[in-house]
Amino acid sequence: MIDFTLNEEQEALRGTVEDFARQVVAPVIGGYYERGEFPYEIVARMGKLGLFGLPFPEDYGGMGGDYFAFCLALHELARVDSSVAITLEAAVGLGAMPIFRFGSAAQQDRWLPDLCLGERLAAFGLTEPGGGSDIPGGMRTTAHLDGDNWVIDGSKAFITNSGTLITSVLTALAITGRSEGRLEISAIMIPAGTPGFTVGREYSKVGWCASDTRELAFSGCRVPRENLLGELGRGYAQFLQTLDEGRVAIAALAAGLAQGCVDECLRYARERTAFGHELGHYQSTQFRIADMEARAHAARLAWYDAAARLVAGEPFKKQAAIAKLTCSNAAMDNARDGTQIFGGYGYMNEFPVARFYRDAKVLEIGEGTSEVQRMVIARQLGLG
Ligand SMILES: Cc1cc2nc3c(=O)[nH]c(=O)nc-3n(C[C@H](O)[C@H](O)[C@H](O)COP(=O)(O)OP(=O)(O)OC[C@H]3O[C@@H](n4cnc5c(N)ncnc54)[C@H](O)[C@@H]3O)c2cc1C
């Protein structure tokens, strides 16, 4: 029999993060969101809880858990708020994970301990103003060696966690050469504050308003030769692997948002009355919430499957793309239905469902758009 039940340790983690989200995040996150302010106090408490170190070994100050545990934490956070969930997802899945997977012992020793504690955040710079889906075709950022330094020129767009007061390092993809007409692409670590590395102002976003997203520019930015992450010319492959994993994490976050809509609507359907009855008395409300629960459930199983394969070391590329597509669809549909159940209050920013509505859309865009997920699935089916 296939067992989808969480074990005792997983259930304990899930419950701890659920309590944290309800008691610490829920009461204050709306204010941060409205002010467009990064929630440093909440992030510090997430760090103390060990969330930033979940999938990393204890040697680095991590919790010695696995990627499934990390996804479980994202799911529970996103049931309450996606800004804090994406801050964790990008810091761990995109920021620290490539250093853990591909970094030298010296790079890991230098950066990972602070990242595992959540005292510092790392960012991942793939997307450029000229293209996100079309990487490497749309890439323009270059790095060349000058003596013992890389000199980086170019720009990046929409980079999460890149401009907070606690951001320590960005790993960016850059063109480092060409051989036989093909681009050689490498990943280079650029510490925050390096001269020639300019962090733009925070974008004004539709959602994820309490998370940090910036445009970045490099002009004659010099970093030591040893800041190359992994092998020369392997950067694109490293980033694709990171994105495959990241898609499972985003899927878990999206499934959490879908479940959060159910949580909110169940409560409201019992509280709100119309025409002499609770909203939940009416079959149209019951059916709408039943559909929402079905989507949240299917979404959860999709990311469980992808994460379980990832942890078991089995191929998971197709399952990751399916999970990202399925879960982001569920998040969008549940956010739309959730706001409808709340009526006018669903359109008021002070209600969580309004935040969920604003936060859901980006899940169809970030870490590979829904069209890109379909391309990946089709290719895995041998098409194209
Ligand atoms: C809030 C936020 C945070 C982000 N954080 C990060 C981050 O931390 N690091 C990072 O590197 N990036 C980050 N991104 C960037 C994100 O990954 C990209 O926005 C995404 O990959 C899409 O790229 P694009 O915006 O350039 O859109 P495009 O690639 O220009 O796509 C535009 C549209 O065309 C479609 N399209 C493109 N090519 C095809 C094709 N061949 N066939 C069919 N349709 C196609 C797309 O699906 C999309 O609908 C973030 C984005 C947002 C909004």
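Ligands are counted one by one from 1 in listed order, and the atoms in each one are counted from 1 as well. Note that this is a predicted model, so its numbers are computed, not measured. Numbers here simply count residues along the sequence, with the first being 1.
- For ligand 1 and Gly131, the ligand atoms under 4.0 Å from any heavy atom of the residue are 26 (O).
- In the vicinity of Ile159, heavy-atom distances shorter than 4.0 Å reach the ligand 1 atoms 7 (C), 8 (O), 9 (N), 10 (C), 11 (O).
- Scanning the protein for heavy atoms near atom 23 (O) of ligand 1, the closest one is Gly132 CA, 3.3 Å.
- Checking Val372, Ile365, Thr127, Leu363 against atom 15 (C) of ligand 1, the nearest heavy atom belongs to Thr127.
- Checking Ser370, Ser133, Ala91, Gly246 against atom 31 (O) of ligand 1, the nearest heavy atom belongs to Ser133.
- For ligand 1, none of its N or O atoms has an N or O atom of Glu128 under 3.5 Å away.
- With hydrogens left out, the protein atom closest to atom 53 (C) of ligand 1 is Val362 CG2, 3.6 Å, a heavy atom.
- Interface of Trp208 with ligand 1, defined as ligand atoms under 4.0 Å from a residue heavy atom, comprises 1 (C).
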Task: salt bridge (charged side-chain N to carboxylate O under 4.0 Å, His left out) between Glu76 and Arg14, intermediate numbers included - done: CA-CA 7 Å; Glu76 292 308 306; Arg14 197 206 59 72; 3.2 Å; yes
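- In terms of protein heavy atoms, atom 3 (C) of ligand 1 is closest to Thr160 OG1, 3.3 Å.
- Judged by the shortest distance from any of its heavy atoms, Ala90 lies outside the 4.0 Å radius around the atoms of ligand 1.
- Counting only heavy atoms of the protein, atom 6 (C) of ligand 1 lies nearest to Phe158 O, 2.7 Å.
- Scanning the protein for heavy atoms near atom 22 (C) of ligand 1, the closest one is Thr369 CG2, 3.8 Å.
- Under a 4.0 angstrom heavy-atom cut-off, Met375 registers as being in contact with ligand 1.
- The closest protein non-hydrogen atom to atom 17 (O) of ligand 1 is Glu367 N, 3.4 Å.
- Under the 6.0 Å distance and 45° angle rule, Arg201 does not count as a cation-pi partner of Tyr203.
- Here the protein heavy atom with the shortest distance to atom 9 (N) of ligand 1 is Phe124 O, 2.9 Å.
- In this structure a side-chain-to-backbone donor-acceptor pair under 3.5 Å is missing from Lys318 to Leu381.
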